[in-house]
Amino acid sequence: MLIIAGSLRVEPAARDAYLSDCSDIIAQARAAAGCLDFLLAADPVEPGRIHVYERWESPEQLAAFRGSGPSDVQTTAILDADVHRYLISGVEAP
């Protein structure tokens with residue numbers, strides 16, 4: 001299992017539009033083979049920050065979904081990104 005987590009920064013005034021434009025991608029990811037969870041969410045305190053959280057069964061399934069990655073419009077809107085891939089060897093109840 002792997003988790004993709006972190007944050008993106010966009011212009012505060014453009015954040016809601018950015019997230020709205022991502023709604024189809026979120027739905028496609030959630031329907032993709034191997035996707036256990038996929039979320040892009042507005043930070044409640046920092047206006048230009050977007051939280052990224054994805055959980056996948058395998059790196060191969062993530063790669064199959066990703067294809068060519070985000071659109072040029074989405075890439076241009078991202079001012080900064082701090083997103084990492086975490087490989088998980090075990091899962092336990094909290």
Side-chain angles (χ1 to χ4, degrees):
M1 179 184 304
L2 65 127
I3 292 175
I4 308 295
S7 63
L8 307 174
R9 293 205 181 274
V10 297
E11 289 293 336
R15 183 180 70 184
D16 290 345
Y18 183 93
L19 288 170
S20 178
D21 289 346
C22 292
S23 62
D24 287 343
I25 297 299
I26 293 168
Q28 290 171 16
R30 289 178 178 176
C35 181
L36 302 171
D37 200 1
F38 194 102
L39 177 67
L40 298 173
D43 186 283
V45 177
E46 296 180 46
R49 187 174 185 200
I50 297 170
H51 293 279
V52 176
Y53 179 79
E54 304 176 35
R55 197 163 44 103
W56 293 87
E57 290 180 3
S58 74
E60 295 80 18
Q61 290 168 316
L62 170 63
F65 169 73
R66 281 275 189 263
S68 61
S71 72
D72 290 341
V73 172
Q74 289 173 326
T75 300
T76 302
I78 298 170
L79 303 176
D80 190 29
D82 182 22
V83 179
H84 300 280
R85 183 171 103 164
Y86 301 88
L87 298 174
I88 308 302
S89 62
V91 178
E92 299 175 356

Quick one: which residue pairs count as a salt bridge (Lys or Arg N to Asp or Glu O under 4.0 Å) with a foot in residues 41-60, not counting sequence neighbours? R9-E46, D43-R49, E46-R49, E54-R66
Please name the pair of heavy atoms, one in C35 and one in A29, separated by the smallest distance, quoted to 0.1 Å. CB-O, 2.9 Å
Using the side-chain contact (heavy atoms from CB on, under 4.5 Å) criterion, which residues pair with A42? Sequence neighbours excluded. R15, L19
Minimum heavy-atom separation for C22 to Q74, with atom names? SG-NE2, 3.2 Å
Rounded at 0.5 Å granularity, tell me how far CD1 in I50 sits from CG in L40. 7.0 Å
Do I26 and F65 sit in the same hydrophobic cluster, where Ile, Leu, Val, Met, Phe, Trp and Tyr count as joined when their side-chain heavy atoms come under 4.5 Å apart? yes
Suppose the criterion is side chain to side chain donor-acceptor pair (under 3.5 Å): which pairs have a residue in residues 22-41, not counting sequence neighbours? none
Show me the donor-acceptor pairs within less than 3.5 Å that the side chains of residues 83-92 make with the rest of the protein, sequence neighbours left out.
{"from": "H84", "atom 1": "NE2", "to": "D82", "atom 2": "OD1", "distance (Å)": "2.8"}

Rounded distance [0.5 Å steps], OG1 in T75 versus CG in L8: 10.0 Å
Single-linkage hydrophobic cluster Y18~L79, side-chain heavy atoms < 4.5 angstrom: no
Taking atom CG of L39 and atom CD1 of I4, what is their separation to the nearest 0.5 Å? 14.0 Å
For the hydrophobic clusters of this structure (ILVMFWY residues joined by side-chain heavy atoms under 4.5 Å, transitively), does one cluster hold both L36 and Y53? yes
Could you see if M1 belongs to whatever hydrophobic cluster contains F38? Use Ile, Leu, Val, Met, Phe, Trp, Tyr and a side-chain cutoff under 4.5 Å. no
